[in-house]
Number of protein chains: 4
Amino acid sequence: MAPRYKKTVRDEVMQETRQLVIEAAAEEFAHNGYDKANVNRIAEAAGFAIGTVYNYFPSKRVLMLAFVDDIAQLHVDYVLAQVKSEQDPGQRIEAFFKAGFAFVETYTTQAKAIFNTLNGPDEEFRARLFQGYQPLFQLLSDDVIAPSIAQGDFRQVDPVATAGLLMLIYLGTGSQFSPEGELWMDYTQVADFVLHSLKSGKENLR
Amino acid sequence: MAPRYKKTVRDEVMQETRQLVIEAAAEEFAHNGYDKANVNRIAEAAGFAIGTVYNYFPSKRVLMLAFVDDIAQLHVDYVLAQVKSEQDPGQRIEAFFKAGFAFVETYTTQAKAIFNTLNGPDEEFRARLFQGYQPLFQLLSDDVIAPSIAQGDFRQVDPVATAGLLMLIYLGTGSQFSPEGELWMDYTQVADFVLHSLKSGKENLR
Amino acid sequence: MAPRYKKTVRDEVMQETRQLVIEAAAEEFAHNGYDKANVNRIAEAAGFAIGTVYNYFPSKRVLMLAFVDDIAQLHVDYVLAQVKSEQDPGQRIEAFFKAGFAFVETYTTQAKAIFNTLNGPDEEFRARLFQGYQPLFQLLSDDVIAPSIAQGDFRQVDPVATAGLLMLIYLGTGSQFSPEGELWMDYTQVADFVLHSLKSGKENLR
Amino acid sequence: MAPRYKKTVRDEVMQETRQLVIEAAAEEFAHNGYDKANVNRIAEAAGFAIGTVYNYFPSKRVLMLAFVDDIAQLHVDYVLAQVKSEQDPGQRIEAFFKAGFAFVETYTTQAKAIFNTLNGPDEEFRARLFQGYQPLFQLLSDDVIAPSIAQGDFRQVDPVATAGLLMLIYLGTGSQFSPEGELWMDYTQVADFVLHSLKSGKENLR
DNA sequence: TATGAATGAGAGTTCATTCAT
DNA sequence: AATGAATGAACTCTCATTCAT
């Protein structure tokens with residue numbers, strides 16, 4: 001009988017291989033978009049043979065879905081950790097924006113791919129993206145926007161729609177580069193724009 | 001020399017053919033994205049043989065660029081006409097949003113394709129899009145936002161960056177559908193969100 | 001009833017059109033070879049619409065055959081005239097070479113196309129070429145080589161095969177350019193080579 | 001690291017596949033010329049799928065160049081071996097002609113394709129052909145013609161130009177078939193023709 | 001488990017030819 | 001007689017996927 005601990009070692013190796021492939025795929029998807037992305041190139045970039053990639057992912061499509069799940073998870077975890085560390089709703093807003101923009105700044109490549117997918121023509125990809133980002137929408141609407149409204153920090157808006165709009169805005173601004181390769185807006189400008197819109201009139205901003 | 005009037009008639013027919021092809025292309029590009037768009041399908045949808053498409057556009061790429069130019073022109077003209085008909089900056093804002101959202105609502109397919117392109121990986125397409133939309137950015141920043149700031153209707157923001165952000169937002173919201181096929185937000189919500197952000201504090205909104 | 005003389009005028013115009021098309025075709029066939037030759041380009045170069053070319057020649061193939069016939073006729077007439085003007089067989093040889101090389105020099109483009117065709121894979125074209133050049137072979141073997149042998153100027157060779165070989169050599173050398181664009185050999189060298197081979201030993205050459 | 005010997009075995013298989021494709025290509029190029037040659041037909045003739053051909057050669061053009069290199073190598077090796085086995089310049093001439101004509105007779109298909117290419121309109125193909133045949137020209141002029149002149153066997157001719165002419169003649173005669181499918185001349189006739197031209201007058205030929 | 005040569009459906013593009021004007 | 005827009009068969013090339021080693 002095969003010893004159990006060996007299996008564990010193998011699992012770890014496989015997890016690592018899987019991750020390497022997904023990372024290479026992210027790069028490729030971000031640079032070329034899903035359709036122009038080339039599985040052979042992904043395999044090469046990951047340091048494996050094409051067959052190996054197909055041992056882990058039965059198709060390019062599944063690889064894309066895995067990448068979407070992966071990045072959504074990462075994004076959600078990243079933002080969740082930072083937001084949850086704050087107790088006060090007002091602080092949570094700031095934390096959310098800081099974390100969201102920081103994520104886009106850190107994972108520009110991936111954010112680009114995600115935004116690309118969000119606006120791409122593939123229904124399944126978009127649906128999967130929504131699904132993966134569900135916790136973030138939840139967090140935003142239930143733990144950030146709704147309490148802020150309740151506290152009177154934000155004016156009355158639809159928390160769910162607003163959550164979607166915020167995602168659209170910060171993924172969009174974070175992946176828009178001018179032909180000269182510069183970002184359109186810096187994040188503080190964007191945060192300013194959004195907070196100006198959401199904050200209720202009673203206070204002065206910043 | 002060939003008679004001139006005959007040439008004119010022929011030119012008109014050719015213009016019409018060209019337009020039919022571009023319209024079919026718009027549909028195809030919007031539904032499938034550039035890469036998955038199929039030139040044979042475009043030809044068929046336009047009611048011509050494949051060769052005819054290539055008599056007008058030397059490549060799929062050029063056809064795409066022609067579509068981009070075309071839709072940018074349309075969009076610009078559409079919005080420009082409505083905005084210019086208002087004299088008061090405050091009214092112009094409203095007119096701009098009304099026109100912009102109306103455009104996206106009327107030409108949802110095309111707006112989708114444009115937004116898709118705006119966020120796609122192809123540099124040349126993006127550059128061409130920017131170029132085509134230049135007059136709209138100009139209008140927004142010079143004739144709408146800047147005067148509104150001057151009049152004290154808007155708070156101090158960077159007119160150019162804001163113009164870009166507005167485009168991002170209304171093209172984005174106008175082409176986002178939930179998996180169930182419904183728009184995320186209606187345009188009044190979006191206009192509200194934006195105006196809340198831009199209007200200076202002195203007045204009450206809505 | 002249509003007047004006869006009008007018909008004659010029309011015929012002349014048509015002859016001229018036909019000739020213009022063939023000349024443009026010669027250029028195209030020489031530069032690009034039959035397969036890459038483009039009928040639209042031929043029409044344009046000739047100054048006519050594509051339809052006009054097809055009014056004169058029912059297919060690209062027939063146009064090629066017409067060109068082959070045309071150039072063969074030209075070549076044959078050209079050489080024949082010069083050779084026939086000499087009475088002495090010895091002089092006829094010189095005349096033949098002079099005329100042959102002069103032809104290749106004058107009509108390099110056409111000679112190239114002809115040589116190209118001679119060595120190309122198309123059986124029908126080659127057969128037509130042979131047919132067109134029949135009078136030249138005849139002349140060469142019957143009126144030049146054979147008499148020269150009879151007079152003892154040439155050694156005993158097969159007149160027909162030698163005629164073919166001579167054609168091969170002077171069309172070949174006349175259309176061979178080094179990558180730098182220069183002719184390999186000048187014609188006197190080639191003539192020297194050939195005459196050295198054919199002349200009987202009794203005399204000194206040149 | 002992957003074991004080395006396995007790589008070797010695989011390399012051998014790949015070399016064989018490559019060779020099979022080139023051989024099928026030779027046939028196709030010879031029969032139809034480069035332009036009419038069909039890559040699908042080549043793949044089929046080689047016993048592979050179309051994709052396999054493109055795994056080895058990135059384009060039809062590159063396949064053609066590989067074929068040209070291949071046949072030049074073969075031709076050069078073939079003739080070189082036979083000529084080098086003779087020490088006496090006089091014998092080398094005979095050996096060269098024997099080998100050259102034998103090659104053309106053995107590889108008629110390929111010779112046809114090569115001659116076709118030599119006289120075709122494609123500059124790059126011609127240049128590549130020259131490059132590949134360089135050693136043969138070298139051999140002919142330096143080791144065959146020049147020594148023969150030095151020994152007084154040949155009259156004073158330009159060795160380089162003459163080498164070119166000889167190539168032209170024997171590739172030309174070796175690939176010319178009458179419409180009835182027979183060779184124009186047999187090789188002894190051609191050799192005779194050439195030697196009569198080159199040999200110095202002091203001796204009687206045949 | 002990893003490999004990578006082989007596969008072949010599918011897509012973009014060309015261009016000789018037609019025919020209504 | 002001249003025109004040229006329309007046609008579509010044919011061709012080159014790509015690349016996701018398979019499977020024997």
Side-chain angles (χ1 to χ4, degrees), chain A residues 10 13-14 17 35-44 47-63, chain B residues 2-3 6-7 9-11 13-14 16-18 35-44 46-63, chain C residues 10 13-14 17 35-44 47-63, chain D residues 2-3 6-7 9-11 13-14 17-18 35-44 47-63:
Chain A
R10 181 197 280 176
V13 170
M14 287 184 69
T17 302
D35 289 309
K36 281 226 168 58
N38 182 310
V39 184
N40 275 279
R41 222 149 43 207
I42 291 173
E44 196 175 6
F48 295 97
I50 179 68
T52 303
V53 170
Y54 276 88
N55 286 340
Y56 286 83
F57 306 95
S59 72
K60 181 183 176 181
R61 205 170 176 79
V62 169
L63 175 54
Chain B
K6 278 243 173 160
K7 263 227 152 98
V9 170
R10 185 169 281 168
D11 281 1
V13 171
M14 286 186 73
E16 197 186 315
T17 302
R18 200 190 128 95
D35 289 310
K36 279 225 169 59
N38 180 307
V39 183
N40 276 279
R41 222 148 43 206
I42 291 173
E44 197 173 7
F48 294 100
I50 178 68
T52 301
V53 171
Y54 278 90
N55 282 344
Y56 287 83
F57 307 94
S59 70
K60 180 183 176 183
R61 204 173 176 78
V62 168
L63 175 54
Chain C
R10 179 196 282 174
V13 170
M14 287 184 70
T17 302
D35 289 309
K36 281 225 167 59
N38 182 310
V39 183
N40 276 279
R41 223 149 43 206
I42 291 173
E44 197 176 5
F48 295 97
I50 179 67
T52 303
V53 170
Y54 276 88
N55 286 339
Y56 286 83
F57 306 95
S59 72
K60 181 184 177 182
R61 205 172 176 79
V62 168
L63 175 54
Chain D
K6 278 244 174 158
K7 263 229 151 98
V9 169
R10 184 169 281 167
D11 281 1
V13 171
M14 286 185 72
T17 302
R18 200 190 128 94
D35 290 310
K36 280 227 169 56
N38 181 306
V39 183
N40 277 281
R41 223 148 43 206
I42 291 173
E44 197 174 6
F48 294 98
I50 178 69
T52 301
V53 170
Y54 279 90
N55 282 344
Y56 286 83
F57 306 95
S59 71
K60 180 184 175 181
R61 202 171 178 78
V62 168
L63 175 54

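By convention in this document, chain letters (A, B, ...) are assigned in the order of the sequence lines, proteins followed by strands, and residues within each chain are numbered from 1. Atom set for the values below is all heavy atoms of this structure, side chains included, hydrogens, waters and symmetry mates excluded. Here the structure is a predicted model, which means the values were calculated and not measured.
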Chemist: Less than 4.0 angstrom between a side-chain N/O of Y56(B) and OP1 or OP2 of dA6(F), yes or no?
Modeler: yes

Chemist: In whole Å, what is the span from the CD1 atom of I42(C) to the P atom of dT17(E)?
Modeler: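 Taking CD1 of I42(C) and P of dT17(E), I get 11 Å after rounding.
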
Chemist: If you round to the nearest 0.5 Å, how far is CZ of R18(D) from CG of L63(D)?
Modeler: 9.0 Å

Chemist: Under 4.0 angstrom, heavy atoms only, what part of the nucleic acid is A37(A) near: base, sugar-phosphate, or nothing?
Modeler: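 The residue A37(A) makes sugar-phosphate contact but no base contact.
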
Chemist: Describe the nucleic acid contact of N38(B) in one word from base, sugar-phosphate, nothing, applying a heavy-atom distance below 4.0 Å.
Modeler: sugar-phosphate

Chemist: Determine: side-chain N/O of N55(A) to OP1/OP2 of dT1(E), distance under 4.0 Å, yes or no.
Modeler: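 Checking dT1(E) against N55(A), no side-chain N or O comes under 4.0 Å of OP1 or OP2.
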
Chemist: Under 4.0 Å between a side-chain N or O of T52(C) and OP1 or OP2 of dA1(F)?
Modeler: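 No, because none of the side-chain N or O atoms of T52(C) sits under 4.0 Å from OP1 or OP2 of dA1(F).
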
Chemist: Nearest-Å distance, CZ (F57(D)) to P (dT12(F))?
Modeler: 15 Å

Chemist: Could you tell me the separation between the NZ atom of K36(B) and the P atom of dA16(F), rounded to a whole number of Å?
Modeler: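 So the NZ-P distance, K36(B) to dA16(F), works out to 10 Å.
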
Chemist: Does anything in residues 51-61 of chain B pair up under salt bridge (Lys or Arg N to Asp or Glu O under 4.0 Å), and if so which pairs, sequence neighbours excluded?
Modeler: R61(B)-D122(B), R61(B)-E124(B)

Chemist: Give none if dT7(E) has no partner; otherwise give the nucleotide forming a Watson-Crick or G-U wobble pair with it, both distances under 3.5 Å.
Modeler: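 Matched dT7(E) with dA16(F) under the 3.5 Å cut-off.
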
Chemist: With a cut-off of less than 4.0 Å, is there a side-chain N or O of Y54(C) near OP1 or OP2 of dT17(E)?
Modeler: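 So the side chain of Y54(C) is within the cut-off, an N or O lying under 4.0 Å from OP1 or OP2 of dT17(E).
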
Chemist: Considering non-hydrogen atoms only, spot the tightest contact between A43(C) and V53(C) and give its length.
Modeler: CB-CG2, 3.6 Å

Chemist: Please give me the minimum heavy-atom distance between K36(D) and R41(D), naming the atom from each residue.
Modeler: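 Heavy-atom minimum between the residues: O-NH2, 3.3 Å.
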
Chemist: When you measure from the side-chain N and O atoms of S59(D) to the phosphate of dT12(F), is any distance below 4.0 Å, counting only OP1 and OP2?
Modeler: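 For dT12(F), OP1/OP2 do not have a side-chain N/O of S59(D) under 4.0 Å.
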
Chemist: To the nearest angstrom, how far is N40(D) atom CG from dG8(E) atom C1'?
Modeler: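 In whole Å, dG8(E) C1' and N40(D) CG are 10 Å from each other.
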
Chemist: Could you identify the nucleotide paired to dT21(F), looking across every strand shown and requiring Watson-Crick or G-U wobble geometry with both distances under 3.5 Å?
Modeler: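 The answer is dA2(E), by the H-bond criterion.
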
Chemist: Please give, in whole Å, the distance from dT18(F) P to I50(A) CD1?
Modeler: 11 Å

